[in-house]
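Given the structure is predicted, the values throughout are model-derived calculations rather than measurements. Atoms considered below: every heavy atom in the structure, side chains included; atoms not considered: hydrogens, waters and symmetry mates.
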There are 2 protein chains.
Amino acid sequence: MTVTLADVAARARVSPATVSRVLNGNYPVAASTRERVLRAVDELDYVLNGPASSLAAATSDLVGILVNDIADPFFGIMAGAAQSAIGEGASGRAGGEKLAVVCNTGGSPERELTYLTLLQRQRAAAVILTGGSLEDEEHMAAVAAKLTKLADAGTRVVLCGRPPVPGDASVAALTFDNRSGARRLTEHLLSLGHRRIGYAAGPADRTTTRHRLEGHREAMAAAGLADGQETLTVHGAYDRGAGYDATLELLRREPSLTAIVAANDTVALGACAALRDRGLSIPGDVSVAGFDDLPFSVDAVPALTTVRLPLHEAGARAGRLAMATEEAPPGGVTTIPAELMVRDSTAPPRS
Amino acid sequence: MTVTLADVAARARVSPATVSRVLNGNYPVAASTRERVLRAVDELDYVLNGPASSLAAATSDLVGILVNDIADPFFGIMAGAAQSAIGEGASGRAGGEKLAVVCNTGGSPERELTYLTLLQRQRAAAVILTGGSLEDEEHMAAVAAKLTKLADAGTRVVLCGRPPVPGDASVAALTFDNRSGARRLTEHLLSLGHRRIGYAAGPADRTTTRHRLEGHREAMAAAGLADGQETLTVHGAYDRGAGYDATLELLRREPSLTAIVAANDTVALGACAALRDRGLSIPGDVSVAGFDDLPFSVDAVPALTTVRLPLHEAGARAGRLAMATEEAPPGGVTTIPAELMVRDSTAPPRS
DNA sequence: CTGTTAGCGCATTCAG
DNA sequence: CTGAATGCGCTAACAG
């Protein structure tokens, strides 16, 4: 029924071991023999049995990439870049073929752990976790424990856009400098003359949210505007609707607002929509700023002032770390800088 | 070193077979024994060996979802919905846990085939192919052959947003009604009074591109405007830059254009950017329409007239078909309707 | 360079 | 309801 390696061996009049060797290509085999085997493989339309192979070799070619929201280009760009880097790592010849695969947690801690367990079951060659983490004591400990276990079992673990696991240098981490990016963005607004700045934050319990918010508040505090920050902050999801709602709420709390900083570009778009619906012009009445510099941000009307994160580069690098094509720095942590992009959605407040 | 089922069995003072039975939960086991086993699993921190399990059972819990561009929300939305549907299919109890996983082909036919082969190696439980297919005779035949082989080997194959494989009813297909959606969109423009309509098409060799273009031309032909369509069509990628470039080219070829129909919403955004850069107003000087109705389209300025595809619903359904939670209709093909969304980016041409 | 020999860890028969 | 035995298909020594 199903054709096995032994069948190919018989057809090619060689031993199963030899067939295995030509298929994996990591062993010297005479060219003529290889020819014969390859032909038999072709004639029999043989497909290697992955599970059997993984079992015998005690390794697998699966590489898991975990993302919080696969419908969000923020993750899509990183995941795509990582997947490409991994695919190219196979460097021409088959056998090195890794199966790079993305898993969507939807931001759910349970699903994150479930995927990690599933990947652990599969003895994944590597795991890449992208994006911010949930800041729940228990969950973070559970994830850290699992990552350590994975790393101990030989799967390479890479964090991309996520804070490092404290005290585990076996886990390479690429972390975005969200805090200082956010600080510079708010400094830009302050230098323009804004004083009453609303903040449409992401979910309260995420590292990315906290770091960006902290950067914002640092800048505000440095300008002597530490007071009343709670009132000027509204939390919500990282999506368009949350930006819309947060903006209406901020306007209600502080009608004299002259600027709104959003948790990311998508939220900023929602903020813009809300302002327009309120009849306010951007940046005439209210300035708006985002974060990430996703591809659509430059096409927004007005073009969005934001903070650029090199998502593609980060993802590619994570892929290379996962393939061990690139070495992690000592300590394992690399901080990736963020760049302020000033465009048309921010301007001095109406005097 | 690595703890196995046998270790758990020893610890729980039962046979390996019993441990296997409680882990898979598809066999009667005394409650007290189960307790004991579960405790041992916990104490030993045992993790099932996926490959070994798959080998012995000749099945796997991997479900592959192939997408053309993971950074494009069009695919992200479908993939996310499918993944959710599959995750929920596990209905509470572990053991039914499927590992739903998305694979990014980047639109490359080689990578598509490679992923299919890799999934075949893994004896994947199901495979979902999303989005349009490359219209290359040879490649289509190769994919069809592989899909048939996969289906024969017991993996469920589902197409989502892709034309059915001719003559293979074992492959369930959910196909979008791109043609009639496109026709209605162009009819809308015609009814507004437009006559010189440019078309910023997708890549020339993709089914989605062709179907949408055909719908457009049907409408044009029905209005007696069949001539000169070649001149009024420019092909490019499904991205922002292509829309930008195509628009400039269309304007060069036909400066009196009053409307531009784009291959999808992202392309439409690029078109809008190009028009603005040319100093043309939307829809005052030129109307613009997209396709898909991605989330950002309603926030574009002006809000984009487009054709809505129920991506989330389609993805969820594909997931259920893959889980066999839902039955495919006889023949296996379901056509999913498209809905015209008239918004602010289209208006009558300047008289 | 190639064949032989053992398992890899688990899911199943089949008996009890 | 539980245990003992067998083999899934392949890779990895180890010889030649």
Side-chain angles (χ1 to χ4, degrees), chain A residues 1-38 40-41 44-61 94-97 118 120-123 125 153-154, chain B residues 1-38 40-41 44-61 94-97 118 120-123 125 153-154:
Chain A
M1 175 63 225
T2 158
V3 24
T4 77
L5 208 168
D7 299 330
V8 176
R11 190 91 155 78
R13 315 198 127 280
V14 295
S15 75
T18 300
V19 177
S20 172
R21 293 198 264 253
V22 340
L23 257 33
N24 292 307
N26 16 317
Y27 243 73
V29 173
S32 63
T33 336
R34 168 183 296 110
E35 276 307 311
R36 208 138 35 88
V37 170
L38 257 20
V41 165
L44 266 48
D45 204 26
Y46 169 70
V47 177
L48 190 69
N49 183 316
S53 161
S54 294
L55 173 57
T59 64
S60 132
D61 49 9
E97 295 294 28
L118 255 22
Q120 188 180 11
R121 267 192 190 12
Q122 303 301 324
R123 306 304 192 247
Chain B
M1 178 63 226
T2 159
V3 25
T4 76
L5 209 167
D7 299 330
V8 176
R11 190 92 155 76
R13 314 197 128 282
V14 295
S15 76
T18 301
V19 178
S20 171
R21 294 199 262 253
V22 341
L23 257 33
N24 292 306
N26 14 320
Y27 240 72
V29 173
S32 64
T33 335
R34 168 183 294 112
E35 277 308 312
R36 210 139 34 89
V37 170
L38 258 19
V41 165
L44 267 47
D45 205 24
Y46 169 70
V47 176
L48 190 68
N49 184 315
S53 161
S54 293
L55 173 58
T59 63
S60 133
D61 49 8
E97 294 295 25
L118 255 22
Q120 188 181 10
R121 268 194 192 8
Q122 304 301 325
R123 307 300 191 249

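Remark: T4(B) engages no residue in a side-chain hydrogen bond (donor to acceptor under 3.5 Å, both in side chains) (not counting sequence neighbours). Residues meeting the salt bridge (charged side-chain N to carboxylate O under 4.0 Å, His left out) test with R11(A), sequence neighbours left out: E43(A). Applying the side chain to side chain contact (heavy atoms under 4.5 Å, CB included) criterion to S15(B), with sequence neighbours excluded, gives A17(B), T18(B).
Along DNA chain C, the stretch of nucleotides lying under 4.0 Å from any heavy atom of chain A spans, 5' to 3', dC1(C) to dG9(C).
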What does the list of N/O pairs under 3.5 Å between the protein and nucleotides 1-7 of chain D look like, with a distance for each?
unit_1	atom_1	unit_2	atom_2	d
dT2(D)	OP1	T33(B)	OG1	2.3
dT2(D)	OP2	A30(B)	N	2.8
dG3(D)	OP2	S15(B)	N	2.9
dG3(D)	OP2	S15(B)	OG	3.3
dG3(D)	OP2	T18(B)	OG1	2.7
dG3(D)	N7	R21(B)	NH2	2.7
dG3(D)	O6	R21(B)	NH1	3.4
dG3(D)	O6	R21(B)	NH2	3.4

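For the helix from dC1(C)-dG16(D) to dG16(C)-dC1(D), the end axes, each set by the C1' atoms of five terminal pairs, are bent relative to each other by 20° (nearest 10°).
Expressed to the nearest 0.5 Å, how far CG of L44(A) lies from CG of L5(A) amounts to 11.0 Å.
Heavy atoms of L5(B) sit under 4.0 angstrom from primed sugar atoms or phosphate atoms, though from no base atom.
Between the CZ atom of R123(A) and the P atom of dT11(D) there is a distance of 18 Å, rounded to whole Å. Distance CG (N49(A)) to P (dG9(D)): 7 Å, rounded to an integer number of Å.
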> Given V41(A) and V22(A), is the side chain to side chain contact (heavy atoms under 4.5 Å, CB included) satisfied, shown in steps?
Replying inline: CA-CA 11 Å; V41(A) 165; V22(A) 340; 6.0 Å; no
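Listed by first then second residue, pairs satisfying salt bridge (charged side-chain N to carboxylate O under 4.0 Å, His left out) with a partner in residues 14-25 of chain B number zero, not counting sequence neighbours. Among pairs with a residue in residues 46-58 of chain B, none fulfils side chain to side chain donor-acceptor pair (under 3.5 Å), at least two apart in sequence or across chains.
With a 4.5 Å cut-off on side-chain heavy atoms, R123(B) and L55(B) do not count as touching.
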Would you be so kind as to tabulate the donor-acceptor pairs closer than 3.5 Å made by side chains of residues 26-37 of chain A, with sequence neighbours excluded?
unit_1	atom_1	unit_2	atom_2	d
T33(A)	OG1	A30(A)	O	3.4
R36(A)	NH1	A12(A)	O	2.6

